[in-house]
Number of protein chains: 2
Amino acid sequence: MEKVISKATMSRFPTYLKALRQMALEGKKNVLSSELYEVTGIQDTTIRRDLTYLSKDENFGKPGKGYSVKHLIDGLSEVLGVGLESPIILIGVGNLGSAILKYNRWQYTVGKIVGCYDMDRNKEGELFGVKVHHIDDLENTFPPDCEIAILAISQNIQETVDRLMDLGVKGIVDFTHSHFTVREGIEVKPVDVVAAIQELALKIHSKR
Amino acid sequence: MEKVISKATMSRFPTYLKALRQMALEGKKNVLSSELYEVTGIQDTTIRRDLTYLSKDENFGKPGKGYSVKHLIDGLSEVLGVGLESPIILIGVGNLGSAILKYNRWQYTVGKIVGCYDMDRNKEGELFGVKVHHIDDLENTFPPDCEIAILAISQNIQETVDRLMDLGVKGIVDFTHSHFTVREGIEVKPVDVVAAIQELALKIHSKR
DNA sequence: TTCATTTTGTGATTAAATTAACAGATTTTT
DNA sequence: AAAAATCTGTTAATTTAATCACAAAATGAA
Ligand SMILES: NC(=O)c1ccc[n+]([C@@H]2O[C@H](COP(=O)([O-])OP(=O)(O)OC[C@H]3O[C@@H](n4cnc5c(N)ncnc54)[C@H](O)[C@@H]3O)[C@@H](O)[C@H]2O)c1
Ligand SMILES: NC(=O)c1ccc[n+]([C@@H]2O[C@H](COP(=O)([O-])OP(=O)(O)OC[C@H]3O[C@@H](n4cnc5c(N)ncnc54)[C@H](O)[C@@H]3O)[C@@H](O)[C@H]2O)c1
């Protein structure tokens, strides 16, 4: 029987990973749960509990000493799907799309963008070292085993999503502000500036 | 005594608003909680509960008929944006920053970007109708009453955050992948492509 | 070595969020 | 106008998540 990682815990893992990377960069070898609290604002006891999901072997966290930064990074990377050489495609190479593409730096965390698609014939060719296809060629040129697509388009969104699902895409990172529906079992992760600002505004406001 | 809106509820409001805007656009006048479920994937009973936080006056949701789309949008906008004509500033007008700026379409939801700052002298001037200042002029030109800053820079991040806090910024929308600390009471909302992909990858992966 | 100190890991507890269940309001049908 | 069918709003039950509290492990000092 495998341990099931709770939703809440899962959503904190990327935060830990980010903080730990920073620490590794600064040459830190060991870290206490209390130090992680300082940096992430997540309660130390919550952190310790979360981290138990990683510790299959012992000597993970040592009382009196803390956790090995490297060990944690490895553990988190593994559970977060990293190592996953999963190919990712990007649909829509406009302002936002090309910013994302240029920022294609997450190979070390989770796959890389292996291809782009746009409806604009003028965009065809290559950009930041990645091939840009016309959207009509999606089915022809779709990379085998690709399960994740980044959506940064502005038109025909539902239709495009349908095509992606037919091709076997299982997860969509959604930058569009439009609404679309997906079939059972397909995951969508919206990334939304406006929603972020709204939440922020509400939080700030509700404090008074 | 005011009703306190729970964290979880709050985080769903932007989702509802997005869905409702889409419906309004399509000319829909009324909506059932079950229809909102179809579109958002949030359980209808959860939705009904959430919406009670808006209904100060009655005739909000009518049994057998549903909610008035317009009514809901108004209610949500009020509670989320809070009249906030709040000026927002953008720090860092690189690839990502200018994509965001170009997309400055959220005036109707929550404030607007009134000024940008960059460390690159070449960027000074105007972009998409918004003034771009040099970061050295931050203190001189800081818009009064500005409480929200969007961070899309790549260097001197902690220092920049400190300056923003000194100027009274209460909320930061963070696109950088770096870690920085903020003082008690300052809210940070990370918007992170990599974290999004990681969560997605984990979800997909953990299904098998 | 022994003892005090630190810090983890986890059962027990409390708090928060979701879901179920259903009474009662509203509309539609007959 | 009564009966049947819909849906909301809310209380209660359940599930999930966060926190507390402390025993046991490792460290470092005496
Ligand atoms: N492009 C993406 O998809 C993406 C995604 C996630 C996160 N990010 C992050 O967002 C940030 C910006 O990304 P980008 O692609 O636009 O990079 P970029 O290099 O194109 O733009 C950065 C801009 O910010 C300016 N800048 C840097 N440091 C500054 C400072 N301290 N004060 C004022 N201006 C400063 C630079 O002059 C430049 O114009 C980076 O931290 C990056 O890691 C980017
Ligand atoms: N720019 C932002 O900051 C920002 C923020 C949040 C959301 N968004 C959303 O992201 C999307 C893209 O934004 P942008 O600023 O890059 O817009 P853009 O117009 O610059 O880019 C859109 C690109 O997608 C292509 N495209 C449109 N529909 C397509 C389709 N069906 N198939 C293939 N290619 C298609 C267009 O040819 C264009 O190159 C929009 O939906 C926008 O609402 C943008």
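Throughout, a chain's letter reflects where its sequence line sits, starting with A, and its residues are numbered from 1.
Remark: B:Arg12 is in phosphate contact with C:dT18, judged by side-chain N or O atoms under 4.0 Å from OP1 or OP2. Listed pair B:Arg48 / D:dT8 meets the phosphate criterion, a side-chain N or O lying under 4.0 Å from OP1 or OP2. In terms of phosphate contacts, B:Thr45 brings no side-chain nitrogen or oxygen within less than 4.0 Å of OP1 or OP2 of C:dT19. Phosphate proximity of C:dG9 to A:Tyr53: absent, as no side-chain N or O sits under 4.0 Å from OP1 or OP2. Between A:Tyr37 and C:dT8, a side-chain N or O to OP1/OP2 separation shorter than 4.0 Å is absent.
The closest side-chain heavy-atom distance from A:Ile113 to A:Phe128 is not below 4.5 Å. Counting heavy atoms from C-beta outward, B:Tyr16 and B:Arg12 have side chains that approach closer than 4.5 Å.
Note on A:Thr9: nothing from the nucleic acid sits closer than 4.0 angstrom, heavy atoms only. Across all strands shown, A:Ser6 has heavy atoms under 4.0 Å from sugar-phosphate atoms exclusively, and none from any base. Contact annotation for B:Ser34: no contact, since no heavy-atom pair falls under 4.0 Å across all strands.
Test B:Leu164, B:Ile148, B:Thr141, B:Leu167 against B:Ile89 for side-chain contact (heavy atoms from CB on, under 4.5 Å) and you get one pass: B:Leu164.
Distance NZ (A:Lys7) to P (D:dA17): 8 Å, rounded to an integer number of Å. In this structure, B:Lys62 atom NZ and C:dT28 atom C1' are separated by 15 Å, rounded to whole Å. Following rounding to the nearest Å, B:Ile42 (CD1) and C:dT18 (P) show an atom-to-atom distance of 9 Å. Counting to the nearest Å, the C1' atom of D:dT19 and the CG atom of A:Asp50 are 13 Å from each other. Distance, A:Asn30 CG to C:dT8 C1': 13 Å, rounded to whole Å. The distance from atom CG of A:Asp44 to atom P of C:dT8 is 8 Å, rounded to the nearest whole Å. The CE atom of B:Met10 sits 15 Å away from the C1' atom of C:dA17 (whole-angstrom rounding). As rounded to whole Å, 12 Å separates atom P of D:dG9 from atom CG of B:Leu32.
When distances run from any side-chain atom of A:Tyr67 to the nucleotides C:dT18, C:dT8, D:dA18, the shortest one goes to C:dT8. For B:Thr52, counting side-chain heavy atoms from C-beta on, the closest listed nucleotide (D:dG9, C:dG9, D:dA17) is D:dG9. Closest approach to the A:Phe60 side chain among C:dG9, D:dA17, D:dT8 is made by C:dG9 (side chain taken as heavy atoms from C-beta onward). Distance from the side chain of A:Gln43 is smallest to D:dT19 among C:dA17, C:dT19, D:dT19. Comparing C:dT19, D:dT27, D:dA18 by their closest approach to the side chain of A:Thr46 singles out D:dA18.
In terms of position on DNA chain C, the residue among A:Gly64 and A:Arg49 whose nearest nucleotide sits closer to the 5' end is A:Gly64.
Here the CZ-CG distance, from A:Arg183 to A:Asp162, works out to 6.5 Å after rounding to the nearest 0.5 Å.
Donor-acceptor pairing under 3.5 Å is lacking for the side chains of A:Ser34 and A:Asp44. A donor-acceptor contact closer than 3.5 angstrom is absent between the side chains of B:Tyr53 and B:Ser6.
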